[in-house]
Amino acid sequence: QLQLVESGGGLVQPGGSLRLSCKTSGFTLDYYAIAWFRQAPGKEREGVSCISSSGGGVNYADSVKGRFTISRDNAKNTVYLQMNSLKPEDTAVYSCAARSSAGPACYLYGMDYWGKGTLVTVSS
């Protein structure tokens, strides 16, 4: 009954931008840290970014730092991932996940709930 649904994926040219959304239902987002992961074809899943329950704490993988921005709107039960200056190596299925947490930290492990993902393809 607790669900996360991603949207906003698609085809974009290198250097372009895309905004992903993670809409949640069935639980109170205020008490969950949220993270974005991605998995490219033939590659292992990797953590991209996370944000604490209040939005005050964020973290990014080195590969996306300075290009991606994570944010959340708890009133809308939605977390966003703004992706700028996209590169072909960013091509992957992007999934969001939630971990129960009321503190200032965010996490890229121990996730409680997962979405099914949305495909991002960066190609000319």
Side-chain angles (χ1 to χ4, degrees):
Q1 300 298 325
L2 289 76
Q3 301 182 28
L4 300 89
V5 179
E6 304 91 341
S7 63
L11 175 64
V12 63
Q13 294 185 345
S17 297
L18 214 56
R19 188 179 77 161
L20 305 183
S21 297
C22 175
K23 176 71 174 180
T24 67
S25 62
F27 60 95
T28 302
L29 192 58
D30 298 25
Y31 303 106
Y32 286 82
I34 304 294
W36 286 95
F37 298 81
R38 67 185 182 185
Q39 187 166 23
K43 304 292 185 180
E44 294 184 346
R45 184 174 62 200
E46 63 175 340
V48 176
S49 182
C50 64
I51 186 166
S52 65
S53 58
S54 68
V58 299
N59 200 7
Y60 299 93
D62 288 341
S63 59
V64 307
K65 194 170 298 182
R67 300 187 297 120
F68 291 11
T69 303
I70 191 170
S71 62
R72 66 191 294 159
D73 187 338
N74 287 1
K76 296 181 181 291
N77 296 314
T78 303
V79 176
Y80 305 96
L81 185 67
Q82 178 67 47
M83 306 184 295
N84 298 326
S85 302
L86 284 163
K87 305 174 181 179
E89 51 263 44
D90 294 319
T91 296
V93 174
Y94 285 72
S95 302
C96 61
R99 172 170 168 159
S100 180
S101 175
C106 70
Y107 308 89
L108 292 172
Y109 59 89
M111 314 312 292
D112 298 313
Y113 306 102
W114 289 84
K116 293 183 178 181
T118 185
L119 177 63
V120 172
T121 302
V122 185
S123 177
S124 59

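Source: prediction; values computed, not measured.
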Between Asn84 and Ser17, the two heavy atoms sitting closest are OD1-OG, 2.9 Å
Minimum-distance pair of heavy atoms, taken over all atoms of Ala61 and Gly47: CB-O, 3.5 Å
Would you say the side chain of Cys50 lies within less than 4.5 Å of the side chain of Asn59, judging by non-hydrogen atoms? yes
Tell me every residue that passes side-chain contact (heavy atoms from CB on, under 4.5 Å) with Ser49, counting only those two or more places apart in sequence or in another chain. Tyr60, Ile70, Leu81
Only one of Val93, Leu18, Leu20 passes side-chain contact (heavy atoms from CB on, under 4.5 Å) with Thr118; say which it is. Leu20
Would Leu29 and Tyr113 show up in the same hydrophobic cluster when neighbours are defined by side-chain heavy atoms closer than 4.5 Å? yes
NZ/NE/NH1/NH2 to OD/OE distance under 4.0 Å, Asp90 and Lys87: no
Do Val122 and Val48 share a hydrophobic cluster, counting only Ile, Leu, Val, Met, Phe, Trp and Tyr and linking them when any side-chain heavy atoms are less than 4.5 Å apart? yes
Test Tyr94 against Glu6 for side-chain contact (heavy atoms from CB on, under 4.5 Å), laying out the working first. CA-CA 8 Å; Tyr94 285 72; Glu6 304 91 341; over 6 Å; no
Closest non-hydrogen atoms of Gly117 and Ser95, given as atom of the first, atom of the second and distance, are CA-OG, 3.5 Å
I need the Ser101 OG to Tyr31 OH distance, nearest 0.5 Å. 12.0 Å
Got a sec, which residues hit salt bridge (Lys or Arg N to Asp or Glu O under 4.0 Å) with Lys43, two or more places apart in sequence or on another chain? none
Below 4.5 Å, heavy atoms only, C-beta onward: do Phe68 and Trp36 meet side chain to side chain? no
Does Arg99 use its side chain to pair, donor to acceptor, with the backbone of Tyr109 at less than 3.5 Å? yes
Hey, what do you get for CZ (Arg38) to CD (Glu46), rounding to the nearest 0.5 Å? 4.5 Å
Distance from Lys23 atom NZ to Lys76 atom NZ, nearest 0.5 Å? 8.0 Å
Quick one: OG on Ser53 to CD1 on Ile34, what's the gap to the nearest 0.5 Å? 9.5 Å
Treating Arg67 as the side-chain partner and Ser85 as the backbone partner, does any N or O pair qualify as donor plus acceptor under 3.5 Å? yes
Is the Phe37 ring parallel, tilted or perpendicular to the Trp114 ring (thresholds 30°, 60°)? tilted
Measure the spacing between OG1 of Thr121 and CG of Leu11 and express it to the nearest 0.5 Å. 6.0 Å
Rounded to the nearest 0.5 Å, how far does NZ of Lys116 lie from SG of Cys96? 13.0 Å
Residue pair Pro104 / Ser52, side-chain heavy-atom distance below 4.5 Å: no
Between Leu4 and Val79, is there a side-chain heavy-atom distance shorter than 4.5 Å? no
State, to 0.1 Å, how close Cys106 and Ala33 come at their nearest heavy-atom pair, and which atoms those are. CA-CB, 4.1 Å
Hey, quick one: are Leu108 and Met83 part of the same hydrophobic cluster, counting side-chain heavy atoms closer than 4.5 Å, chains of contacts allowed? no
